[in-house]
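Step one of this worksheet: look at the structure below.
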Amino acid sequence: MAAVHVTVWDDRDRVGGGRAPTASVTPVTPAAAAAPVLFVHNIFTWGSDSAYGFAGQRPLADSRRLLLMDRRGYGDSPDTARSDFEVDAEDIVEVLGDGALAVGPGGAHLVGHGNGAVAVLIAAARRPDLVRSLALLQPSAFTAAAHHPVVADLLDRVRDGAPGIPDGVTPEQYLRESTEGLGMAMPEPTSRRLRAVATSMGERPVWEAEIPLEAVRGAALPTLVICGTWERAPAVYREHVGLPLMAVAESLTDSLGARLLRVPGYYPHTQEPAAVNAALREFWG
């Protein structure tokens, strides 16, 4: 049994006129055809979240099983002293090999967003035999694009001691500053949301990650990179976050021989779910 919580969505019976969709960790007997998909989320969220998670991808469950992993400290997974992409990668591998989830021979397609995409890349390098393909949504793999001037500037700032989170800042204050403070709407500060924010505040910085590009490239996994165009984003958010993320997306596309999809907005899978879902359906075949 995996150490983290995994929500399972499988609506194939409903599409066929049967019972209602499932949303549990109950094993589901796989249909002969489509391989399952494992989704790994970013900060401030959890797998099935509608604000920043993968609720918009629920329609994809009409043709295959979707596994939505809550990283440690998020959603329904256990607490952690410090969220860490290396631990997340091990959890991904464990989920892929969990017999109770019946991933099956050949493994699953992986989808990772932001910091979750960093963990997905590390997991794919460790166990490519369990991975069918990679879909990377605005991956935060900054060290893999350190040669790009915009990313290099970002890494210089954070490594030279850019101001961290001041002592005494609460998760609700941090959430407000990270959203309304940048000109975006703030999601409701529920206890579940604030727990996710608190975990994010203490998360190991992704600029410490060594992205195993050679190993991933050597595995020859089909890879799709999805990135927003960021033209509708608040100016400060676009400059400090959007430009580096777009540079990372372009760099990974080149490094991994991937396909790059640009989607309007700055949160592709939540702002433009129909476009992202159509691309994923085509990608998985």
Indicate yes or no: at least one non-hydrogen side-chain atom of [X] is less than 4.5 angstrom from one of [Y].
| X | Y | value |
| --- | --- | --- |
| R259 | T253 | no |
| Y267 | E272 | no |
| V40 | D88 | no |
| V4 | D70 | no |
| L38 | V95 | yes |

Using 4.0 Å as the upper bound for N to carboxylate O, is an ion pair formed by [Y] and [X]?
| X | Y | answer |
| --- | --- | --- |
| R127 | D129 | yes |
| D76 | R192 | yes |
| D62 | R14 | no |
| E250 | R262 | yes |
| R71 | E203 | yes |
| D79 | R195 | yes |
| R193 | D49 | yes |

Heavy-atom count around E214 CD within 6.0 Å, excluding the residue itself: above 12?
no

Donor + acceptor pair across side chains of S133, H109 (<3.5 Å):
yes

For W230 and Q138, test the side chains for any donor-to-acceptor distance below 3.5 angstrom and give the result as yes or no.
yes

Minimum heavy-atom distance D91-A3, with the two atoms named
OD1-CB, 4.4 Å

How close do L213 and A144 get, counting heavy atoms only, and between which atoms?
CD1-CB, 3.9 Å

Of the options Y52, Y74, W46, which is the one that meets H41 in a ring pair (Phe, Tyr, Trp, His ring centres under 6.0 Å)?
Y74

